Amino acid sequence: MPELPEVEVVRKQLKNLVLNKKIANITSEYTKIFNEDFNLVKESIVGSKIIDIERYGKYLVFILSNEFNLISHLRMEGKYFVKEQNEPIDKHEHVIFHFDNGETLRYHDTRKFGRMDLRTKDDYLKVNPLFKLGKEPKDLTGEELYEMLNKKTTFIKVALLDQEIIAGLGNIYVDETLFMSKIHPERRSNTISIDEANLIVHSAQKVLAKALELGGTTIRSYTSSLGVTGRFQNELQVHTKEGELCTLCGTVITKLKVGGRGTYVCSNCQK
DNA sequence: AACGAAACCTGCGCGC
DNA sequence: TGCGCGCAGGTTTCGT
């Protein structure tokens, strides 16, 4: 459930479901999910409550009632579910937070790519993994983006996927943003004009806002967590649309590989 | 320093 | 039906 809108939907849902519940225990049979020693994480968290949940780009941060926070990144397929304690454990549920009211918060991750980091409240924004994170589209100006792009020769798509440059965009929303901006994903970053940089930021804001409004995007075999069913897939203009016709000009949408990622483009609209 | 490829994992759909 | 390959909403690490 990866990009910014999907993570934001999860954040809101989780807040409704787990806030102020006391964590009585944490169990895990795949502790590689934690970048720190699992026993350390466990003794640091057990006994506290989740008093808030923040989000920075695609990162979730569980704000605990003690001096610690737990940062969670879902990567490709991480999901959260809230279930009763007695429900059977799914083979892909790798971390289970047991609350003292008999409920559990379960971290489900088919590909085991997701990661969690234990951090202290006083410096969690000043150290890995959050300190290098770029601004989200809503906080970024075209001027700022232009300055960063100006220094780079990488494909614009690769630059927009770089979370240090701009936070929150992933493969789907970069394709949609570039289509809306009428910019080809293989343009070199340093050829993007200030006007185009402004257009990119504006388009990204629009795409993300609409996606959030529709509860995110659910495509392929991906199912959403916490019963969240996104509808932005119905609004996609190019991503996953190979062979279909561009809604603006009727040209056939093509698929190419940019920076190792499947990339969809209207070669007529996007220059 | 910077870039591309490989790695991390599992499951699914496709062609033969 | 079975098998091998390629692909997947992401990030980090490795090698040139």
Side-chain angles (χ1 to χ4, degrees), chain A residues 1-11 28-35 55-60 71-80 90-95 107-117 128-134 148-178 185-186 188-190 204 207-208 210-212 214-226 228-243 255-264:
Chain A
M1 282 278 313
E3 307 177 50
L4 189 154
E6 292 77 31
V7 178
E8 177 62 13
V9 170
V10 170
R11 186 189 72 84
S28 173
E29 37 54 64
Y30 189 77
T31 56
K32 270 184 74 176
I33 295 286
F34 294 95
N35 283 325
R55 182 192 53 74
Y56 301 91
K58 304 173 192 173
Y59 290 89
L60 286 171
I71 302 176
S72 169
H73 196 300
L74 306 174
R75 296 280 179 95
M76 294 290 259
E77 306 203 36
K79 298 173 178 67
Y80 281 101
D90 183 275
K91 68 187 281 203
H92 298 303
E93 290 173 351
H94 304 304
V95 181
Y107 178 69
H108 180 291
D109 191 342
T110 307
R111 292 173 73 181
K112 303 177 177 173
F113 280 178
R115 289 295 179 265
M116 298 188 196
D117 286 282
N128 253 333
L130 298 181
F131 81 118
K132 283 197 295 187
L133 199 60
M148 291 185 280
L149 295 179
N150 206 18
K151 303 188 187 96
K152 299 190 77 76
T153 58
T154 53
F155 293 138
I156 181 64
K157 170 156 182 176
V158 172
L160 295 178
L161 285 171
D162 183 343
Q163 303 298 299
E164 293 183 25
I165 291 179
I166 183 169
L169 296 179
N171 207 28
I172 296 175
Y173 298 119
V174 164
D175 280 2
E176 295 299 308
T177 294
L178 286 173
E186 288 177 312
R188 296 288 169 179
S189 298
N190 59 3
V207 167
L208 294 186
K210 185 69 176 174
L212 181 58
L214 295 181
T217 302
T218 310
I219 56 174
R220 302 194 185 83
S221 62
Y222 294 88
T223 55
S224 51
S225 65
L226 295 169
V228 179
T229 311
R231 301 192 313 280
F232 191 74
Q233 61 274 17
N234 301 322
E235 310 290 320
L236 294 175
Q237 300 297 302
V238 286
H239 194 83
T240 71
K241 302 298 182 186
E242 181 183 25
K255 182 180 182 182
L256 44 151
K257 205 99 164 175
V258 181
R261 313 296 301 279
T263 300
Y264 301 84

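The structure presented is a predicted model; accordingly, all values stated were derived computationally and were not measured. Numbered from 1 within each chain, the chains take letters A, B, ... in sequence-line order.
- Residue A/N128 contributes atom CG, which lies 13 Å from atom P of C/dT11 at whole-angstrom precision.
- The side chain of A/Y59 contributes no N or O atom lying less than 4.0 Å from OP1 or OP2 of C/dT11.
- Closest contact between the side chain of A/K255 and the listed nucleotides C/dG9, C/dC7, C/dG10 involves C/dC7.
- Comparing C/dT11, B/dG11, C/dG9 by their closest approach to the side chain of A/M76 singles out C/dG9.
- The aromatic rings of A/Y59 and A/H73 lie perpendicular to each other, with more than 60° between the two planes, well past the 30° mark.
- In the set C/dG9, B/dT10, C/dT11, B/dT10 carries the atom at the smallest distance from any side-chain atom of A/R111.
- Proximity of A/I165 to A/L160: side-chain heavy atoms (C-beta onward) are nowhere separated by under 4.5 Å.
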- Which dot-bracket string describes DNA chain C (Watson-Crick N1-N3 plus N6-O4 or O6-N4, or G-U N1-O2 and O6-N3, all under 3.5 Å; [ ] crossing; | other strand)? .|||||||.|||||||

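- No donor-acceptor pair closer than 3.5 Å links the side chain of A/E176 to the backbone N or O of A/V207.
- Rounded to the nearest Å, the gap between the P atom of C/dT11 and that of B/dG11 is 22 Å.
- Counting non-hydrogen atoms under 4.0 angstrom, A/G262 reaches the backbone sugars and phosphates but no base.
- A/R188 places none of its side-chain heavy atoms less than 4.5 Å from the side chain of A/K152.
- Considering only side-chain N and O atoms, A/H73 lies nowhere under 4.0 angstrom from the phosphate OP1 or OP2 of C/dG10.
- Proximity note for A/H92 (side chain, C-beta onward) versus B/dT10, C/dG9, B/dC8: the nearest is B/dT10.
- Going from the P atom of C/dC5 to that of B/dA7 covers 15 Å, rounded to whole Å.
- Using bins of under 30°, 30° to 60° and over 60° for the plane-to-plane angle, the ring pair A/F232/A/Y173 lands in the tilted bin.
- With rounding to whole Å, A/Y264 atom OH is found 10 Å from C/dC7 atom P.
- A distance cut-off of 5.5 Å between ring centres, combined with a plane angle under 30°, places A/F113 in a stacking arrangement with the base of B/dC8.
- With C/dG10, B/dT10, C/dG9 as the candidates, the nucleotide lying closest to the side chain of A/R75 is C/dG10.
- The closest side-chain heavy-atom distance from A/Y264 to A/L236 is not below 4.5 Å.
- In this entry the distance linking CG of A/D109 with P of B/dT10 reads 10 Å, nearest Å.
- Listed nucleotides C/dG9, B/dT10, C/dC7 differ in distance to A/T110; the shortest reach to its side chain belongs to B/dT10.
- Among the nucleotides B/dG11, C/dG9, B/dC9, the one closest to the side chain of A/K112 is B/dC9.
- One interatomic measurement links the two molecules: CD of A/E242 to P of C/dG6, which rounds to 16 Å at whole-angstrom precision.
- Near DNA chain C, defined here as any heavy-atom distance below 4.0 Å, the residues from residues 149-171 of chain A are A/Q163, A/G170, A/N171, listed numerically.
- A/Y107 and A/S28 form no side-chain donor-acceptor contact under 3.5 Å, judged by distance and modelled atom types alone.
- Here the options are A/E235, A/H239, A/Q233, the test is side chain to side chain contact (heavy atoms under 4.5 Å, CB included), and the partner is A/T217; only A/Q233 passes.
- Going from the P atom of C/dG6 to that of B/dA5 covers 15 Å, rounded to whole Å.
- Below the 3.5 angstrom threshold, one finds a donor paired with an acceptor across the side chain of A/E6 and the base of C/dG9.
- A/K157 pairs with exactly one of A/D162, A/N171, A/T177 by the side-chain hydrogen bond (donor to acceptor under 3.5 Å, both in side chains) rule, that one being A/N171.
- Atom-to-atom distance recorded for A/E186:CD and A/F155:CZ is 4.5 Å, nearest 0.5 angstrom.
- Proximity of a side-chain donor or acceptor of A/H94 to a complementary backbone N or O of A/K112 within less than 3.5 Å is not detected.
- The distance from atom CZ of A/R261 to atom C1' of B/dA5 is 14 Å, rounded to the nearest whole Å.
- Distance, A/E8 CD to C/dG9 C1': 17 Å, rounded to whole Å.
- Phosphate contact (OP1/OP2 of C/dT11, side-chain N/O of A/K58, threshold under 4.0 Å): present.
- Computed from coordinates, the A/E186 CD to B/dG4 C1' distance equals 14 Å when rounded to whole Å.
- Atom pair A/L74:CG and C/dG10:C1' shows a separation of 10 Å (rounding to whole Å applied).
- Closest to the side chain of A/K32, from the set C/dT11, B/dT10, B/dC9, is B/dC9.
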